[in-house]
Amino acid sequence: MKLYNTLTRKKEEFVPLREGKVTMYVCGPTVYNLIHIGNARPMIVFDTARRYMEYKGYEVNYVSNFTDVDDKIIARSLEEGIPAEQVSARYIEECKKDMEAMNVRPATVHPQATQEIQGMIDMIRTLEEKGYAYNVNGTVYFRTRKFKEYGKLSHKNLDDLRSGNRALQVTGEDQKEDPLDFVLWKPKKEGEPSWQAPWSDGRPGWHIECSEMAKKYLGEEIDIHAGGEDLIFPHHENEIAQSECCNGKPFARYWLHNAFLNIDNRKMSKSLGNFFTVREIGEKYDLQVLRFFMLSAHYRSPLNFSAEIMESSRNALERILTAADRLRELEQSAAEESLLEQEKEKRQEMKSFREKFQEAMDDDLNTADAISAVFELVKFANTEAVPEGSREFAGILRKELEELCGILGLKTERKAEVLDEEIEEMIRQRQEARKARDFARADAIRNELLEKGILLEDTREGVKWKRA
RNA sequence: GGCGUCGUAGCCAAGUGGUAAGGCAAUGGUCUGCAACACCAGUAUCCACCGGUUCAAAUCCGGUCGACGCCUCCA
């Protein structure tokens, strides 16, 4: 498969360091609040990448961190008058709930920064010993000038960066040797969480967290490092500097970055406050719809979120679920048991959809194109699986649909749900009215149910319902 | 200012040199008591605009206009 590598700005054939195994690190959220739908994009996209690689037979060691020490968490803890670790513990739990609802699988490991402080201190010491770090009154900085390749990921010209940073230099960063130097360790302020270290009681800089956690759980050299495109600079650039200077070898071979999610064509940002949490969206839609929406565009294209597009996504996903429901019914009710002659040919024909799907996914995870292959399979199933056919054929199609959807992390089975006795009774009454050909009454009951959010469908197999 | 991305039907979105996938919405039809689901049909002579290269371009090159991202915490 080919992946677009930010480092080389090219699509490259993916070859893991060790055959059959993939090590992958995805930068996770800072847990100071419920996650927003922008956070959800990398989670969904890279979870899909992981699922596809596993489908291809790779064993994927997938690590995604929680940043649980940070200014915003501290601010929140002061606001609520509770310890910072209570704030982060709460939002880690909430985040995991959202992930589950989006069908994002738990990572192999979800390390937390505060549990890995000693490793970070060790890394900083090594950097200091090698001359890549310096201590000024308890604050330790990374000496970017000493790392010749600094800027290779973001393809930045350091002189431009330095001139662009003039403003920073005059605002109290004058103790740095160079405006591009960044913090590895900072001393605590009153009331902040802190850890003992050779330079001061304090806490690590943001970038060193990921360098250390990737190293500890995946090794000094990893296959894939991923995250949002805004992390390219400075976060990932700094990770490269720290890791490569400390370990003396290349850090990540493939750098993957997802584009941003906009809201009604405007950038979403925490500081602007125009963001939706995943939780809020979950109140209006099944979060499978959000997942479908996220995968309907290529991960490197900007994606716009709006109510209209979510409606469209909901309906599109419904089409897939309806087809899956129908196949499951045919598996029970079709006339024949085993494959008919003409169905054997159809089974061969069916393989083209999977081929198209794989081709799309092999091409830098083109999920939009892969979804189109799923819809072609849906149409094929709706047309070719018939009550007069065999249960085996319906089953083959059902499994095919389930597997392709499964790679995308889309469940084809609806949540089992039991209706209120009152509603069941209304449905029964309507059936009686229909039997008596009292259609006025039948329609009245149907409309009443619709107002309660229950949509009825009369089929050959009897009356069915779903949420409107 | 530096680096980079994008502009395809009402909406979303693939396609990146060989003559426009797929989905949503809308329309007509079949099915249905009526609906819903499903199926069938048609639906962009054309891919922001201008010019160039080529037998051939939405796809390559140059320019124009427009939208946007990073360079600062941010997925």
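Letters A, B, ... mirror the listed sequences (proteins, then strands); counts begin at 1.
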Base partner of B:C46, which must satisfy Watson-Crick or wobble distances under 3.5 Å: none

Would you state whether a donor and an acceptor, one from the side chain of [X] and one from the base of [N], lie under 3.5 Å apart?
X      : N     : result
A:K466 : B:C37 : no
A:N382 : B:C37 : no
A:R326 : B:A38 : no
A:R446 : B:C34 : yes
A:N366 : B:G15 : no

Of all the choices, B:G33, B:C24, B:C12, which nucleotide is nearest to the side chain of A:N315 once you look at every atom? B:C24

Of the candidates B:A36, B:G33, B:A14, the side chain of A:R430 sits closest to B:G33

First of A:K11 and A:L261 reached from the 5' end of RNA chain B, by closest nucleotide: A:K11

Let me spell it out: for each of A:E229 and A:R9, pick the nucleotide of RNA chain B with the closest heavy atom. Which residue's pick is nearer the 5' end? A:R9

Check for me: is A:F439 stacked on B:G33 by the 5.5 Å centroid and 30° plane-angle rule? yes

Taking NZ, NE, NH1 and NH2 as the nitrogens, is one of them in A:D362 or A:K2 under 4.0 Å from a carboxylate oxygen of the other? no

